[in-house]
Undergrad: 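Dropping the structure in here first, questions after.
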Amino acid sequence: MRLQAMRSVVASDARSVARDNVALATIGLSLAGTGAITSLGLVADRPAAWSTAFPFVVAIGLVSGPSAFGFLFASLMVEERESGVRWALAVAPLPPRDLYLVRTWIATSWMCGWPLVSVLLMNATWGVLDVSLGEWLVIIVPLAFLTPGFALLIPTLAGDRISALAAFKVLSFASLVPLALFLVPPEAGYRWALLLSPTGFTVEAYRRLLTEGGPLTPWVLGSLAYAASLLSVVVYFFERNVYSSKL
Amino acid sequence: MGPLANQLRHDLVLQTRSLLYPATIISTSIIVLFILLLPLRPPSARLLAFLVFLDPATVGLAFVGAIVLVEKAQDTLSALSVTPLRPWTYVASKAATLTLVTFGSGLTVVLFGAPPRLDVARVLVALTLSSAVAVLMGIVCVAGSRSMNHLVMRLLWVTTLLYLPVVAHFDLARGMAAVALSLIPSRAMLLAIETALDPTAASSMAHMYALAYLCLWVVVLGARALRDFERAILNEGL
C-alpha cells in the first residue's frame, strides 16, 4: 500500500513536471549552456580574459544549481498547499516523510550527477582547471546535499507563489555571496562572515583547490556539516508547518 | 477613489503580504555588501550598471508573473473581469508598484557604488524604462502559463536571453556578434544605466539608441501585454 502510494506520488510529480515541459526545458537549457561554453573552449585564439573568467563561471554554475533545482520541487509543494491538494495528501496512506524523501532524492541525485558531467565536458575543451575527478566530487557532492534543504525550506517559508519566488531569490543571492571570497584579500578578517552562506565552505574549498591545491578536508567537512544541519532544522520546521498530520 | 488608485492599493497590499519587500531588501543588501567588498573603489560604471541590471532593474520580470498566478488561484481575476476595471489600469498598476521597488533597490545600489559622475535623473529614466520592459515581459510570459513551474521555465529562457548581452557589455563580444546582441533589449538597459552612471561611458548617440529602443519595447510589449491580459489571463480567470 505504502509503496503503491509512493509510486503514485512519483507518477503524479512526473506528470506535473512533464505537462509543463519543465524537465525538458531544464535539461535543454543546462545542455545548451554546457554546450555553448564547451564550444567556446574550442576557439583557438580566444582572449586571455576568457580563460581567467572560466573558473569563476564554473563556480557561478555550481553554486546556483542547488537553489534552482530545489525550487523546481519546492514549487510543486507550494502549489499543492495553495490548491488544497496538501489536505488530500494528509489523509493519504503515505507518511509525509516518504513523500518529501522521494522528491528530494530525485533532485539530489540529479545535482550529484549533472554538474559533474557538465564541468568535465567544459574543462575538457578549455583545459584551464587542473582538478581530478575525486576533487570535483568533493566539491559537487556537498553542494548537491544543499538541494533537499532548499527544496523544503522554500515551502516552509512561503505560503503562496509570490513568497516562494521571493524565498528562492533570497536563497539564490545568498548562495552567490561567497563568490566574493575570490575578490577579498586573503588576510581580510571578515572572510569568515562569507562562510555563513550555505555555499560558503564549498566555495572556499574550490578557491583553495585552485589557488593553493588544498588541504580540502576541513572545508569539505564543514560544507557537509552545514548541509546536514540545514536539512535537520528545515525538516523539523517543514514537518511542523507544512506536512504536519494536523489539518 | 479611482480604479487605478484602488488597483495600486490592492497591489501594494498584496506585495506587502508576500515576502517581496523583505526579499528585495535582502538581495539589495547582498549586492551592496558585494560592492563594499570589492577591492576597487569606486567600482567602474560598467560593473555598477551590471549590478543594477542583475536584480533591481529586472525585479518585476519574475514577480509580476507570480502575482498574476496568485490572483488567478485566488479568483481575483474572475472578480476583476466583471468590474469596469480596464486592462491598462491593471497592467499600469503592476508596472508602477514594481517600478517603485526597482527605484528603491536600484538607487540604493547606485548610492553605495558612488560613481563620481552620477546623473540621478538619467538613472531614474533608465530604471523606469528597464522596469517597464521587465514587467511587461513578465505579463507576456505569464499569459497561458499553467503553473508556477511552467512560468519559471518560460522565465528561464527569457532570462537566459536577457543575460546574453552581458558578454557585449563587458567587451567580450565585438563586431557582428555585438551588433546582434544589441537587438536584445537588455543591451539597451545596460547601456542606459551605464551612461546614467557615467555620461562619458558612451556617446550621446548610443545613449539615445538605448532610450529610444527601450521606449519601442515598452510600446510593443505594452500592446501585447494588454492583448494577452484580455485573451489569456482574464478569460482563464473566469
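Below, read A as the first sequence line, B as the second, and so on, with proteins coming before strands; counting in each chain starts at 1. Heavy atoms only: backbone and side chains are in, while hydrogens, waters and symmetry mates are out.
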Undergrad: Side chain, backbone, both or neither: which part of S27(B) has a non-hydrogen atom closer than 4.5 Å to chain A?
TA: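 Its backbone and side chain both get close to chain A.
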
Undergrad: So, taking the atom named OG1 in T199(A) and the one named CG in L176(A), what distance separates them when rounded to the nearest 0.5 Å?
TA: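 So the gap between those two atoms works out to 7.5 Å.
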
Undergrad: Using non-hydrogen atoms and a 4.5 Å limit, figure out which bit of F63(B) sits close to chain A: side chain, backbone, both or neither.
TA: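 Contact with chain A is through both the backbone and side chain of F63(B).
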
Undergrad: At a 4.5 Å cut-off on heavy atoms, which part of Y190(A) comes close to chain B: side chain, backbone, both, or neither?
TA: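 Contact with chain B is through the side chain of Y190(A) alone.
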
Undergrad: Do the charged groups of D171(B) and R46(B) touch, with an N to O distance under 4.0 Å?
TA: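 Between R46(B) and D171(B) there is a salt bridge, with a charged N closer than 4.0 Å to a carboxylate O.
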
Undergrad: Do you know which of D55(B), I67(B), L33(B), L54(B) has the most heavy-atom pairs with chain A at a distance under 4.5 angstrom?
TA: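 Answer, by heavy-atom pair count under 4.5 Å with chain A: D55(B).
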
Undergrad: Hey, do the aromatic rings of F112(B) and F34(B) have their centres closer than 6.0 Å?
TA: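 No, they do not, as the ring centres are separated by 6.0 Å or more.
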
Undergrad: Evaluate whether atom CZ of F173(A) has more than 12 neighbouring non-hydrogen atoms of other residues, nucleotides or ligands under 6.0 angstrom away.
TA: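 It does: F173(A) CZ has more than 12 such atoms within range.
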
Undergrad: How long is the span from the CG atom in L194(A) to the CZ atom in F201(A), to the nearest 0.5 Å?
TA: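 So the CG of L194(A) and the CZ of F201(A) are separated by 11.5 Å.
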
Undergrad: What residue, out of L151(B), L69(B), L20(B), has the most heavy-atom pairs lying under 4.5 Å from chain A?
TA: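 Of the options given, most contacts go to L69(B).
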
